A.B. asks: 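Sharing a structure with you now.
Since this is a predicted model, take the numbers as computed values, not measurements. One-based numbering, in listed order, for ligands and for the atoms of each.
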Amino acid sequence: MTAPARTDAAACTEGSARTTAELIRAEEPVLAHNYHPLPVVVAAAEGAWVEDVEGRRHLDLLAGYSALNFGHRHPALIAAAHRQLDRLTLTSRAFHNDRLAEFAERLTALVGQDMMLPMNTGAEAVESGIKVARKWAYDVKGVPADRATIVVAADNFHGRTTTIVSFSTDETARTGFGPFTPGFRVVPYNDLAAMEAAIDATTAAVLIEPIQGEAGVLVPDDGYLRGVRELTRRTGCLLIADEIQSGLGRTGRTLAVDHEDVVPDVVLLGKALGGGIVPVSAVVGSREVLGVLKPGEHGSTFGGNPLAAAVGTAVVELLETGGFQRRAAEAGVVLRDGLTELVGRGVLGFRARGLWAGVDIDPALGTGREISERLLAEGVLVKDTHGSTIRLAPPLTITDDELRSALGALEKVLGR
Ligand SMILES: *Cc1c(COP(=O)(O)O)cnc(C)c1O
């Protein structure tokens, strides 16, 4: 890491002055146990590297589940945040702020849509997309009141609110949280016939991830997304693409749907839109759809705040040149080649697009959790998804050499 980062790390370590074990123990009685983090306590970070409280450096191959697409503390994003912190941070939407127009203009231009609705977290963008689709169904399509349905895919991950877990197929995410919100139909992913059978006159929208991240980076067959687009157009319902994890450069294109030249009616963005600094999400879509909202019908105290807009605009600016998208595609080849070499040597198979991969490890070698812990010992941070699958999503700023060294660490832990 560079000198300034070391200064920050030193300050941080001084501030806490507790060891990894002490800090993990300290959390136990006072922090809800809804996560099971790997045993590393991060105190500072820059680019693709994080530094723990013991001063050990690790390559971050998770990148905050794609919230850190531009790496930790990208200088342009940090500078934009600092500038804005010194001017104005929050107005609420009771008043206009001088940053939101530019954010909306540039974000909509980046993804080829008309309008945007600013929110904060991914789950809020999904909730907002659902509300807008229902409103569109009643106001524009003419679905009878309270009868609108939304078709979703099995093994989806769209967030954690009560409505969103209502259509999850992951029992851990659902059990104990009912009663559930009605109005959703679940069909198998990557199955156009099943989707067509689920669509009827009440269908407001199809809501899908163009690549299912949490499910293990499941890339659908070529033509599936185009087929969904054609089907939704023909049957008169909306296509909502949840690009919260797959979007903003991760797959080598601005959006994952760009690989099939598909333009959804609504795109949900989050994670990397906040530059790893503040939560920023957005529903971006056509005027016909987002135009259904009138004053008072939806809102958010923090949505579209000037700090979020400044950081979001700086994120869009990074993506406007196409450089990060190209870099993700290039480095994606290094990732794919490295993983291909490991197939049959501890890796059963993998799915990858751009700088994003789901890697199925031979269960005889350990669970995904155990492999993640062994990689941590080698200075590489990853996270398991289900069973023996690990997910790799490095910052798009990672160098080929850093990527190769991470793949070398994977080879080493699989060889044990
Ligand atoms: C992370 C994620 C969400 C939820 O985002 P939060 O910011 O955690 O609420 C929704 N959809 C997808 C595809 C995601 O990966």
A.B. asks: Just checking, any donor-acceptor pair under 3.5 angstrom between side chains of Q245 and S66?
C.D. replies: no
A.B. asks: Between R327 and E330, does any NZ, NE, NH1 or NH2 come within less than 4.0 Å of an OD or OE carboxylate oxygen?
C.D. replies: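 Judged by the 4.0 Å cut-off on N to carboxylate O distance, E330 and R327 do form a salt bridge.
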A.B. asks: Taking only residues two or more places apart in sequence, or in another chain, which ones meet H72 in a ring-ring contact (aromatic ring centres under 6.0 Å, His included)?
C.D. replies: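 ring-ring contact (aromatic ring centres under 6.0 Å, His included) check on H72 returns nothing, list empty.
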A.B. asks: Would you mind checking if R226 and E230 are paired as a salt bridge, meaning a charged N to carboxylate O distance below 4.0 Å?
C.D. replies: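 No, this pair does not count.
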A.B. asks: At a 4.0 angstrom heavy-atom cut-off, what protein residues surround ligand 1?
C.D. replies: T121, G122, A123, F157, H158, G159, E209, D242, I244, Q245, K271
A.B. asks: Judged by modelled atom types alone, do S300 and N120 share a side-chain donor-acceptor pair under 3.5 Å?
C.D. replies: yes
A.B. asks: What pair of heavy atoms forms the shortest contact from V40 to L376, and how long is it?
C.D. replies: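 Smallest interatomic distance, heavy atoms only, reads CB-CD1, 3.8 Å.
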